[in-house]
Chemist: 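Got a structure for you, questions after.
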Amino acid sequence: MKSVTKYFRNAILASTQGTIEYKNISFDTISWQEIENGLINHKVTEKIWRTKEDENRERTTKDVVIALKTIATEFSDAGYIENNIEEMTSILFLPAVISKGGILSKPDDKYPWIPREFLEPMVEPQVSIGNAETYDIFWEETTDQRNQIKSWNEYLDYAKELYEKVTKTDFIEKVLKESEIKLDGKYYIFESEQINSTGNILRLYNDLLKNKEPLLYQKMTNGNRELSRTIADKMENSKLKGHVGQMGGEYPLSASQREAVSCFQEIEEGEVLAVNGPPGTGKTTLLQSIVANMYVNAALNNDKAPIIIATSTNNQAVTNIIDSFGKISPIGISNLECRWITGVNSFAVYFPSASKTQEELKQYQYTSVRGGNFVDDIETDENRESSKELFVKKFAEYFGQEENSLIRCKQIIFNSLNELNEERIRCIEKLVQVKNIFGELSAKEYIDDLKQKLKKIDEELGKLKNKEKEIKADSERLIERRKKWRQLYNLLPWYVRLFKFLPCFKRKIYEWSFDNIKNDELNFLKRGMSIDEIEEQYYKLVEQNDIVLKQNQMKKDNLIADQKESQQHKEEIHSKLFEIKDMMSSFFSYKVSVNTENFIEKFTVEKINDELDKIRYAEFWLAVHYYEALWLIQDNPINENQRNATFKNVIDDRYHRISMLAPCMVMTTFMLPKQFLAYDGNEKTHFYYNIFMVNIPYSQ
């Protein structure tokens with residue numbers, strides 16, 4: 001929103017373009033002629049250079065500020081007339097750079113200013129010398145003019161023009177036109193303690209006010225509340241496959257780091273992923289993982305190396321990033337884990353402010369939007385030639401084959417990267433299959449559950465087999481007893497059996513039945529039952545046993561089938577696990593060693609995925625050497641005439657070429673806008689929005 005941008009811009013101006021309290025500084029008076037000629041007298045110059053001279057003897061210039069307009073202090077009868085302002089209040093300041101010889105010049109990214117507290121509208125009414133809106137309009141309308149200032153006189157004229165536009169008073173006048181405030185007509189110079197760290201951001205806000213705001217900025221400033229989203233499952237198939245690169249192989253990612261990488265895969269253009277944590281919680285490692293992941297993805301897709309920016313508001317955090325990107329601990333993958341070209345020692349390149357000294361920067365790879373230093377050093381013929389010699393030597397050492405064609409080397413590396421990635425994906429597919437089977441259990445827990453189930457089935461089968469024996473034995477006993485009853489019955493005289501319906505013989509049979517029945521038979525027989533009735537009861541009991549025996553057999557059949565299925569499932573699980581183990585072992589062909597000791601006992605999907613971080617680490621190094629080969633093959637697209645140019649296409653070529661060798665560009669938030677300020681060739685500059693794929697604000 002433009003109103004928010006304007007608020008940001010005005011807040012910066014108010015904080016950086018205030019007035020100066022002379023009682024707290026050492027100052028001198030100089031003449032207008034000295035200012036106009038851009039040459040300060042020897043006495044004042046010597047005094048400026050004498051202060052704090054022991055701080056930095058290498059400096060050739062110092063920052064100073066010249067007060068061009070100061071309100072006169074009026075007295076009446078030797079008494080100061082109160083007019084709501086302090087004594088010696090300056091209203092127009094001109095930042096400058098002074099050499100040891102007293103020569104004045106325009107400083108980088110600093111411009112004349114009028115303190116905001118003297119521009120209407122005011123929070124607390126003071127002396128008004130103009131309107132803030134007029135001041136803002138002047139800055140907006142003179143952007144191109146301001147950026148084209150070359151000489152000291154042009155710079156001085158610009159300050160005069162600013163003053164006249166805002167105050168509606170000619171620069172030579174000694175009284176402000178509308179307020180009739182008197183000016184003292186003197187010019188003061190003093191050493192500047194200001195660091196213009198917000199100048200680039202101020203220029204950016206001015207540009208945002210004039211042009212369409214990028215999507216990300218719109219989302220950050222529109223005041224709308226973003227809809228909450230469910231945090232992605234870090235162990236979901238696509239997330240495991242999509243995590244392709246890891247900058248460190250010594251330790252796997254923690255659960256929270258992996259969750260953040262998983263969430264990062266889901267964000268789209270203009271979206272923000274916020275990751276918070278106190279010092280020591282692994283934010284730098286996470287940053288490395290995201291950079292490595294994007295870098296490898298680009299290599300797998302045969303794309304340009306991504307332009308990735310890591311930025312912070314303080315230099316300590318910035319240098320911490322650079323240091324961490326230059327200290328990747330090797331894990332012993334042959335000679336893969338080292339640079340195969342010369343002149344590069346880190347995966348980060350620093351874009352420092354102009355105030356940084358050679359001594360402060362000597363340990364870093366550093367450059368700027370205009371190139372120079374690291375960029376120029378690596379592009380020399382000598383460095384490229386030594387890099388080619390080293391590359392083919394290292395290539396032969398890793399791949400075990402001599403190859404002098406860089407194009408062929410690049411293709412072999414690209415093929416190896418793709419093959420390794422496909423093998424990792426196949427391994428993940430097996431892992432996901434197993435995970436879908438195991439649920440939340442480990443392999444050992446799941447297999448132990450299967451063993452316990454099989455043990456219970458064996459126990460149940462044993463019980464059923466015992467019961468079957470008991471039932472069969474009981475049926476045999478019943479059959480034998482039925483036969484015995486028939487034998488006893490046949491011992492009765494034939495006439496008794498034949499005429500059993502006669503009362504006398506009926507009585508005889510009753511007595512026979514009464515005498516032969518056993519106590520345990522009284523549960524299902526009655527005394528006096530006929531042989532037919534007795535046999536009928538025994539037939540029923542045997543029939544009941546047959547029914548129970550059939551039911552028992554059905555239970556046995558079901559358990560045997562379950563036992564067979566469980567045993568088969570157990571064997572399949574073992575087969576899948578050993579298949580994964582074999583896949584893990586096969587990575588050794590790429591000289592990557594993963595831990596498969598006590599595989600089943602220690603197996604969880606999470607632990608195996610942790611081991612796959614070593615494969616992602618190897619993929620990162622293959623991507624590094626792929627882009628090194630590409631960098632060696634391609635000639636520098638920036639010719640001699642474009643070396644210091646900031647045309648859009650030159651910036652694009654320069655940054656994409658840097659990112660082949662150092663995928664993370666590191667700078668403070670204050671320097672960021674300047675490094676993406678492009679010149680269009682028509683006396684105009686504009687910010688190069690959306691050039692980088694991701695911007696990672698970072699704090700310790």
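Quick note: residue numbers are just sequence positions, from 1.
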Chemist: For residues P278 and T281, report the shortest heavy-atom separation together with the two atoms involved.
Modeler: O-OG1, 2.6 Å
Chemist: For this output row, return yes or no: ring centroids of Y295 and Y627 closer than 6.0 angstrom.
Modeler: yes
Chemist: Just verifying a value: how many Å separate I580 CD1 and I608 CD1, rounded to the nearest 0.5 Å?
Modeler: 7.0 Å
Chemist: When you compare the side chain of L253 with that of H243, does any pair of heavy atoms fall below 4.5 Å?
Modeler: yes
Chemist: Keeping S442 on the side-chain end and E445 on the backbone end, is there a donor-acceptor pair under 3.5 Å?
Modeler: yes
Chemist: Any side-chain heavy atom of W631 within less than 4.5 Å of one from I378?
Modeler: yes
Chemist: Check whether NZ of the Lys or CZ of the Arg K444 lies under 6.0 Å from the centre of the six-membered ring of F603 and within 45 degrees of that ring's axis.
Modeler: no
Chemist: Are the aromatic rings of H625 and F620 close, with centres under 6.0 Å apart?
Modeler: no
Chemist: Might you confirm whether atom CG of N276 has over 12 heavy atoms from other residues, nucleotides or ligands at distances under 6.0 Å?
Modeler: no
Chemist: Does the side chain of L431 come within less than 4.5 Å of L612's, by heavy atoms?
Modeler: yes
Chemist: Is atom NZ of K393 surrounded by more than 12 heavy atoms (other residues, nucleotides or ligands) closer than 6.0 Å?
Modeler: no
Chemist: Do the side chain of S416 and the main chain of I412 share a donor and acceptor less than 3.5 angstrom apart?
Modeler: yes
Chemist: Is it true that a side-chain atom of K591 and a backbone atom of Y398 form a donor plus acceptor pair closer than 3.5 Å?
Modeler: yes
Chemist: Return yes if some donor-acceptor pair links the side-chain N/O of S659 with the main-chain N/O of A305 below 3.5 Å, else return no.
Modeler: yes
Chemist: With the threshold set at 4.0 Å, does a side-chain nitrogen-carboxylate oxygen contact exist between E379 and R657?
Modeler: yes
Chemist: May I ask you to check whether N415 and Q411 show a side-chain donor-acceptor distance below 3.5 Å?
Modeler: yes
Chemist: With rounding to the nearest 0.5 Å, note down the distance linking CG in N404 to CZ in F391.
Modeler: 12.0 Å
Chemist: Do E337 and Y617 have a side chain donor and acceptor closer than 3.5 Å?
Modeler: yes
Chemist: For the pair N335 (side chain) and K394 (backbone), establish whether a donor and an acceptor sit closer than 3.5 Å, ignoring hydrogens and angles.
Modeler: yes
Chemist: Are the aromatic rings of Y626 and F414 close, with centres under 6.0 Å apart?
Modeler: yes
Chemist: Can you confirm whether more than 12 heavy atoms, excluding those of E269, are under 6.0 Å from its CD atom?
Modeler: no
Chemist: Could you label the plane-to-plane angle of the H569 and Y446 rings as parallel, tilted or perpendicular, counting under 30° as parallel and over 60° as perpendicular?
Modeler: perpendicular
Chemist: Are T5 and Y217 close enough that a side-chain donor and a side-chain acceptor fall under 3.5 Å?
Modeler: yes
Chemist: Could you report the tightest heavy-atom contact between P252 and R258, atom names first, then the distance?
Modeler: CB-NH2, 4.1 Å
Chemist: Are F325 and F347 an aromatic pair by the rule of ring centers under 6.0 Å?
Modeler: no
Chemist: Taking the side chain from T367 and the backbone from G372, do they hold a donor-acceptor pair closer than 3.5 Å?
Modeler: yes
Chemist: Establish, yes or no, whether a centroid distance under 6.0 Å links the rings of F676 and Y655.
Modeler: yes
Chemist: Is it the case that over 12 heavy atoms from other parts of the model lie below 6.0 angstrom from the CG atom of L441?
Modeler: yes
Chemist: Find out whether the Lys NZ or Arg CZ of R339 is both under 6.0 angstrom from the six-membered ring centre of W621 and within 45° of the ring's axis.
Modeler: no
Chemist: How about T342 and S387: does a side-chain donor come under 3.5 Å of a side-chain acceptor?
Modeler: yes
Chemist: Treating D233 as the side-chain partner and M235 as the backbone partner, does any N or O pair qualify as donor plus acceptor under 3.5 Å?
Modeler: yes
Chemist: Please find the pair of heavy atoms, one from T669 and one from T311, that lie closest to each other, and give the distance.
Modeler: N-OG1, 3.0 Å
Chemist: Please determine whether side chain to side chain contact (heavy atoms under 4.5 Å, CB included) holds for the pair E619 and Y590, giving the CA-CA distance in whole Å, both sets of side-chain angles, and the decisive distance to 0.1 Å.
Modeler: CA-CA 10 Å; E619 288 188 62; Y590 296 90; over 6 Å; no
Chemist: For the backbone of E382 and the side chain of S386, can you confirm whether one donor and one acceptor N or O come within less than 3.5 Å of each other?
Modeler: yes
Chemist: Any salt bridge linking D449 with K570? Criterion: basic side-chain nitrogen under 4.0 Å from a carboxylate oxygen.
Modeler: no
Chemist: If I compare all heavy atoms of M247 with all of A292, which pair ends up nearest, and what's the gap?
Modeler: N-CB, 3.6 Å
Chemist: Are any of the side-chain nitrogens in E429 or K241 under 4.0 Å away from the carboxylate oxygens of its partner?
Modeler: yes
Chemist: Got a second to check how far F399's CZ is from C409's SG, nearest 0.5 Å?
Modeler: 8.5 Å
Chemist: Check step by step if side chain to side chain contact (heavy atoms under 4.5 Å, CB included) holds for Q288 and L286.
Modeler: CA-CA 5 Å; Q288 291 177 340; L286 171 63; over 6 Å; no
Chemist: Step by step, work out the ring-ring contact (aromatic ring centres under 6.0 Å, His included) result for Y350 and Y366.
Modeler: CA-CA 4 Å; Y350 188 22; Y366 69 96; 7.6 Å; no
Chemist: Using a 4.5 Å cut-off on heavy atoms from C-beta on, say whether the side chain of L287 contacts that of V291.
Modeler: yes
Chemist: I'd like to know if D613 and R616 make a salt bridge, using a cut-off of under 4.0 Å between side-chain N and carboxylate O.
Modeler: yes
Chemist: Kindly compute the distance separating CG (L677) from CZ (R370), expressed to the nearest 0.5 Å.
Modeler: 9.0 Å
Chemist: Roughly how far apart are S586 OG and R426 CZ, rounded to 0.5 Å?
Modeler: 8.5 Å
Chemist: Would you find a donor on one side and an acceptor on the other, under 3.5 Å apart, between the side chain of E259 and the backbone of K234?
Modeler: no
Chemist: Does the side chain of P673 come within less than 4.5 Å of Q675's, by heavy atoms?
Modeler: no
Chemist: Measuring only between side-chain heavy atoms, which start at C-beta, is V272 closer than 4.5 Å to I267?
Modeler: no
Chemist: Is E601 atom CD crowded by more than 12 heavy atoms from other residues, nucleotides or ligands, each under 6.0 Å away?
Modeler: yes
Chemist: Going from CZ on F395 to CD on Q401, what distance comes out if it is rounded to the nearest 0.5 angstrom?
Modeler: 5.0 Å
Chemist: Treating E611 as the side-chain partner and N595 as the backbone partner, does any N or O pair qualify as donor plus acceptor under 3.5 Å?
Modeler: yes
Chemist: Do K239 and E266 meet the salt-bridge criterion of a basic N to acidic O distance under 4.0 Å?
Modeler: yes
Chemist: Please report the shortest heavy-atom distance between Q365 and N345, naming the atom on each side.
Modeler: OE1-N, 2.6 Å
Chemist: Can you list the steps and then say if D207 with Y689 is a side chain to side chain donor-acceptor pair (under 3.5 Å)?
Modeler: CA-CA 11 Å; D207 190 77; Y689 299 115; 2.7 Å; yes
Chemist: Would Q257 and S254 count as having a side-chain donor-acceptor pair, cut-off 3.5 Å?
Modeler: yes
